[in-house]
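The sequence lines fix the lettering, A, B, ..., with proteins before strands; numbering per chain opens at 1. Fair warning: this is a prediction, and the values are worked out from it, not measured in the lab.
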Amino acid sequence: MEEVDVELSITLIPGAGFHQKHLGFEWGPGDLSVYETNYKLQGPRSAGSPFVHIVRRDEDICSPILRKLFNESHLIFVGLQKIKEDMPSKNKKSQFVSISKNYRSVIRACMEELQQNAVSTQNGSLASQYGDQVSILLAIELIWNLCEVLFIDAAPAGSLLLQLLDWVRLHKSDVDAKAREVLQSDSPTQHQSYWDVVISLVLQGRMDEARQVLSKQASLRAESSSVFRRMDGLLQTMPIFNVRASGHAFPKLVKNVLYFTPKSEEIIYSTSSMNMFLGPRASPEPLDIILLSAFEFDLHQVIKDCSIALNNWWFVAHLTDLLDHCKLLQSHNLHFGSNLREFLVLEYASGLFTHHSLWQLAVDYFDHCPEFGRVYLELQVERVPLDTERKAIKVLRICEDRQMSEQVRSICKIMTKRALRNNRLGSALSCSIRAKDAAFATLFPHRFLQDYSNKGSFTDLDLLDNLGPAMLLSDRLTFLGKYREFHRLYGEKRFSEAARLLLSLMTAKIAPRSLWMTLLTDALPLLEQKVVIFSVDQTYELMSCLEELNSGTKDSNLTDQDEDIESTKTELLRLALARNLTMAIVKEGTIET
Amino acid sequence: MDPIAKYISQKTSKTRWRPVSPGLLQQPEVFATGSWDNENNRVSVWLVGDHGGCNTDGEFDEEPQLLCDSQHAGDVLDLQFLDQDRLVSASSSGAVTIFKLQPDCQALSLAHVWERAHGYSCDNAPCTAVVCRSPELVSVGEDGRVILYKADQTEVVRVIENADSSTIHAVTFLRTTEVLTVNSIGQLKMWDFRQQSDMWEVHFHPSNPNHLFTCSEDGSLLHWETTSGSDMSTLLQRGWNSRVVSHSGVPLAGENDSVVSAWLAGDSSKNRLEATHMLPSQTLSVNSLDVLEQCLVCGTDGEAVYVHRQLPV
């Protein structure tokens with residue numbers, strides 16, 4: 001079987017390639033990037049165009065009417081995947097047939113709308129574009145219908161023939177128009193479509209009408225009238241195929257037209273008659289070749305030829321998926337591990353993913369590719385542009401539902417950084433909590449504490465107060481939550497509880513070393529209360545914390561002034577701690593009477 | 001009865017019924033939709049109902065028909081009818097726009113736009129929700145601002161800066177000067193425009209009817225019915241992307257703060273909540289729904305709108 005020969009189409013890229021400049025290119029997921037290089041065949045050097053052009057192969061995806069096709073078929077696809085394996089095959093078959101009919105009705109609905117638009121539009125080029133799309137959809141529906149009749153419905157020979165006749169009738173509906181044209185013309189037998197009409201009518205099983213047209217010939221030519229009379233007689237007596245009487249051979253009518261072998265129930269169609277049937281053309285068109293492959297029951301060839309002829313994977317992906325469900329495709333393992341069905345569905349879905357809006361549909365397609373679907377989704381989902389939080393949440397939800405924790409983390413990181421840049425600490429924090437990203441969650445406490453030391457109070461208290469279990473995500477976060485609690489307790493004048501908490505932050509090593517000075521400074525007002533708050537033991541612990549802090553290596557970056565401040569603070573603390581200690585000892589040593 | 005579906009080639013973020021004139025006993029017939037995630041987004045107005053045999057085969061004259069539409073810069077994140085003739089949209093570009101609908105619904109034009117109502121110093125901040133009680137509008141956004149406008153004034157009336165450190169997802173009016181907001185971590189807050197920064201946290205959701213409709217991210221559109229009281233908190237926990245619209249379409253609040261309603265009172269162990277799926281099969285996320293009288297309209301990420309005109313309520 002010869003390869004379908006598709007003419008190479010040339011696309012002009014406006015603004016590139018002038019002055020004999022060579023173009024360079026790079027493949028992208030759904031498109032091609034083209035740019036001007038410095039290399040030039042001949043002539044002096046000249047300034048080139050600084051632009052990178054993006055060339056998109058599949059323009060169908062941008063058509064608003066075809067978008068309906070993609071969306072509706074997505075729903076049908078998902079429904080198909082849900083058909084249970086353990087259903088009895090008889091029920092399954094009828095379901096598959098109805099799904100196939102669903103697909104076809106969606107194609108037809110699209111076709112009708114395109115046709116309406118083609119007729120009503122004023123724009124000439126748009127009308128021709130619509131017209132092209134209509135003819136492609138027509139061809140697609142024709143092939144699908146044939147595949148449905150031959151493979152999916154796969155009725156026994158009798159009803160198969162009737163269905164085929166129906167198919168022929170449906171798709172050669174212009175016979176009626178042509179017949180009328182022929183019969184109404186001045187000399188019907190001289191009409192160029194005369195024989196076309198006769199043969200079409202015979203093929204459609206409309207013998208009486210064929211005889212009527214043929215009779216025009218008979219009445220004209222006296223010398224060949226006997227031939228025509230015999231033909232007429234044959235047509236009259238030919239048995240129309242009867243469903244009950246299966247096994248009858250369809251008698252040879254016109255030489256090389258149609259031949260049935262009762263045993264194998266195969267239809268063998270010769271190339272010459274194919275040409276007669278579909279119209280006189282110099283060489284078989286891609287559509288003819290595809291139909292021929294279908295009649296020869298060569299599914300793989302049908303799929304292969306369709307893939308080449310069409311510029312969009314929609315048709316082959318959905319048809320192959322359906323045929324695969326009907327168990328009609330041999331497991332034809334391709335080099336890279338996945339089977340034909342999965343390969344096609346992956347290609348289609350990858351194309352969808354490059355669309356700014358239809359990427360959501362692609363997710364379901366990837367879900368139903370067991371080998372590589374998940375990997376493809378993981379790679380693609382991170383590239384969806386996230387302009388709003390709402391969209392980011394949708395993408396996150398897709399990843400979370402599929403336990404793609406890497407992708408969740410990465411998306412949350414992007415959102416967190418964006419929120420931080422705009423000073424939205426609450427959004428940033430809630431995002432990193434959602435990602436359960438401990439490392440990132442450590443950034444916030446730093447920011448919050450910076451704010452605290454700069455302004456003397458916390459901002460975004462509502463967030464800190466309601467961290468809940470998220471507090472445990474990272475040590476820093478826990479510290480921040482507890483530190484805020486300390487301030488709250490202090491504000492409510494629950495001093496002893498506050499004191500206990502403050503101490504535990506240091507002794508339990510929840511607080512980072514760098515903040516101990518801040519914490520100790522916070523302890524000062526508690527130490528200087530009239531009432532003793534810190535007990536003796538607690539005071540000793542505070543003292544040891546202070547000494548531990550001071551025994552550490554000095555920060556050499558501190559200026560002299562800073563060092564002075566630090567040592568003053570330490571002195572003040574030591575004094576306050578000593579005073580507290582004496583008061584505490586006295587208090588604890590006193591016996592209450 | 002199954003709802004009627006129509007594929008409209010754009011992902012629908014919001015669907016809203018046009019309010020019917022009070023006093024006229026008719027079913028709502030006109031609804032508006034807003035799109036998102038398109039390079040060119042649109043706000044569209046549709047007609048559904050008996051338009052008297054507009055189609056040759058008569059099969060689809062119940063399908064929604066496009067009356068008019070308008071360009072919209074940015075995703076439509078919220079859409080509300082201010083009154084019969086005016087539509088307000090919240091955009092992902094941070095703009096709040098008022099559209100005017102011609103009386104015969106033949107055209108939709110831009111009446112006024114507050115371009116950068118919401119924004120950061122060096123970036124755009126999406127406006128996430130808008131609520132109307134004519135002539136006042138309130139909008140909230142990812143920048144944590146709550147803004148009060150009057151429909152006929154070009155200057156905004158009040159801005160509450162930094163109302164929230166997280167993104168505010170939704171807003172609704174309680175009284176004329178009070179609004180309720182919910183943020184991305186699920187906190188409900190009440191704001192009073194008379195005072196600058198008073199803030200309460202509220203832990204209930206004010207609504208009254210026996211019928212409730214919810215739509216959510218997982219593609220389900222549910223009709224909840226209860227005769228006795230039920231636990232509202234379980235409803236809210238279903239996922240923080242659910243949008244809840246009460247049957248009467250207007251959030252109700254009692255005169256005092258403690259509203260007791262059929263949904264909130266009672267012990268959850270005794271109560272049953274019946275939920276029915278309203279769409280024939282599970283679709284992609286149902287983003288928005290609106291209920292008026294006996295009619296429901298919703299829009300999905302599968303680029304389809306569904307209209308149900310005979311709700312069992």
Side-chain angles (χ1 to χ4, degrees), chain A residues 62-72 74-76 78-79 82 106 109-110 113 355-361 363-364 384-385 387-394 397-398 401 415 418-419 421-431 433-434 459-468 470, chain B residues 5-11 13 35-39 41 60 74-75 77-78 91-94 119-128 141-144 162-169 183-187 189 199 201 217-218 239-241 280-285 287 300-304:
Chain A
C62 303
S63 153
I65 298 173
L66 286 179
R67 262 171 89 156
K68 302 189 195 188
L69 181 71
F70 298 136
N71 276 288
E72 282 206 71
H74 161 260
L75 216 56
I76 302 173
V78 170
K82 292 201 178 123
V106 168
C110 245
E113 196 173 336
H355 189 267
H356 55 79
S357 207
L358 296 172
W359 59 271
Q360 260 183 297
L361 303 179
V363 174
D364 282 319
V384 177
D387 306 315
T388 62
E389 194 175 294
R390 196 173 292 189
K391 184 165 175 185
I393 287 169
K394 281 190 192 266
R397 175 111 188 217
I398 289 171
D401 284 348
M415 295 192 31
R418 189 184 298 168
R421 193 177 64 220
N422 291 313
N423 240 343
R424 308 294 306 148
L425 291 183
S427 300
L429 183 60
S430 62
C431 213
I433 289 173
R434 188 172 182 148
T459 52
D460 307 315
L461 286 175
D462 56 341
L463 192 58
L464 289 177
D465 286 343
N466 290 289
L467 279 177
Chain B
K6 178 157 174 85
Y7 283 85
I8 60 177
S9 305
Q10 50 191 19
K11 292 206 283 210
S13 55
S35 77
W36 76 284
D37 218 15
N38 257 349
E39 276 163 0
N41 287 298
F60 306 109
D75 292 347
L77 291 181
D78 201 0
S91 167
S92 63
S93 66
Y120 303 123
S121 49
C122 55
D123 221 350
N124 278 344
C127 173
T128 50
E142 275 188 27
D143 55 358
N162 260 320
D164 207 314
S165 60
S166 310
T167 301
I168 305 179
H169 272 186
N183 68 11
S184 54
I185 43 181
Q187 294 173 320
K189 298 182 190 176
M199 183 176 100
E201 269 189 14
E217 188 72 32
D218 62 9
W240 44 296
N241 282 322
S281 59
Q282 212 80 336
T283 59
L284 287 180
S285 164
N287 291 325
T300 69
D301 272 345
E303 304 194 356

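- Side-chain contact annotation: B/Ser35 with B/Asn41, donor-acceptor N/O pair under 3.5 Å present.
- When only modelled atom types and interatomic distance are considered, A/Gln360 and A/Lys394 share no side-chain donor-acceptor pair under 3.5 Å.
- Donor-acceptor pairing under 3.5 Å is lacking for the side chains of B/Asn38 and B/Gln10.
- A/Asn71 contributes atom CG, which lies 7.5 Å from atom OG1 of B/Thr300 (distance to the nearest 0.5 angstrom).
- Proximity to chain B (any heavy atom under 4.5 Å) is restricted, for A/Asp364, to the side chain, taken from C-beta onward.
- No part of B/Ser121 comes within reach of chain A, as not one of its non-hydrogen atoms sits under 4.5 angstrom from that chain.
- Using a 4.5 Å cut-off between heavy atoms, A/His74 touches chain B through its side chain atoms alone.
- When each of A/Lys68, A/His355, A/His356 is checked for heavy-atom pairs under 4.5 Å with chain B, A/His356 comes out on top.
- At a 4.5 Å heavy-atom cutoff, the contact between A/Asp387 and chain B is made by backbone atoms alone.
- With rounding to the nearest 0.5 Å, the separation of OG in B/Ser166 from CD in A/Glu389 is 8.0 Å.
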